[in-house]
Amino acid sequence: MPRTPPDPLRARMFELLEQLNDRFAQLRDYGAVPGNAWLAKAELDAINQLASELDALLEEIKQSDTENGY
């Protein structure tokens, strides 16, 4: 029996979550070093952008699930 292809929306969700995880680690590392607050702030800005993308993507997933009867 052939495998069903992965859901591209959920695959993108996992990509965004991985990016967020990486950004949080960078934020933690930069924030722990005196003088690197500006780098931590840049990471926080990137996290906010990724969170917005994730929010929109989750809305797409929700709509897709509704259309598919979930």
Side-chain angles (χ1 to χ4, degrees):
M1 173 182 259
R3 285 180 72 184
T4 57
D7 179 350
L9 292 175
R10 284 184 170 78
R12 177 66 181 140
M13 179 189 68
F14 286 118
E15 290 171 5
L16 286 174
L17 291 171
E18 184 65 29
Q19 289 176 27
L20 279 167
N21 190 40
D22 294 342
R23 293 290 185 163
F24 276 117
Q26 287 293 102
L27 173 62
R28 180 198 63 227
D29 294 346
Y30 290 146
V33 177
N36 283 348
W38 66 279
L39 290 169
K41 175 68 170 111
E43 289 302 321
L44 183 59
D45 291 344
I47 287 168
N48 285 329
Q49 177 62 36
L50 288 170
S52 293
E53 289 179 41
L54 183 58
D55 184 51
L57 180 61
L58 288 171
E59 187 59 38
E60 286 184 60
I61 290 171
K62 180 181 169 187
Q63 290 174 2
S64 176
D65 285 352
T66 300
E67 291 171 4
N68 291 320
Y70 291 102

>> For residues Leu50 and Met13: do they belong to one hydrophobic cluster (side chain heavy atoms under 4.5 Å, members Ile, Leu, Val, Met, Phe, Trp, Tyr)?
In response: yes
Rounded to the nearest 0.5 Å, the CG atom of Leu58 sits from the CD atom of Gln63 at a distance of 11.5 Å
d(Glu43 CD, Asn48 CG) to nearest 0.5 Å is 11.5 Å
Item to complete: Report whether Val33 and Leu44 are members of the same hydrophobic cluster (ILVMFWY, side-chain heavy atoms less than 4.5 Å apart, transitive linking).
Response: no
With sequence neighbours left out, the residues meeting salt bridge (charged side-chain N to carboxylate O under 4.0 Å, His left out) with Glu15 are Arg12
Side-chain heavy-atom pair Leu57, Ile61 within 4.5 angstrom cut-off: yes
Taken in chain and number order and not counting sequence neighbours, the residues that satisfy salt bridge (charged side-chain N to carboxylate O under 4.0 Å, His left out) with Lys62 are none
* **Leu54-Phe24 co-clustered via ILVMFWY side chain contacts under 4.5 Å** => yes
Rounding to 0.5 Å, atoms CD (Gln19) and CZ (Phe14) come to a distance of 14.0 Å
Donor-acceptor pair, Asp7 side chain versus Leu9 backbone, under 3.5 Å?
yes
Interatomic distance, CG@Asn36 vs CD@Gln26, rounded to 0.5 Å, equals 10.5 Å
State plainly whether one hydrophobic cluster holds both Leu16 and Leu27, where clusters connect Ile, Leu, Val, Met, Phe, Trp and Tyr through side-chain heavy atoms under 4.5 angstrom apart. yes
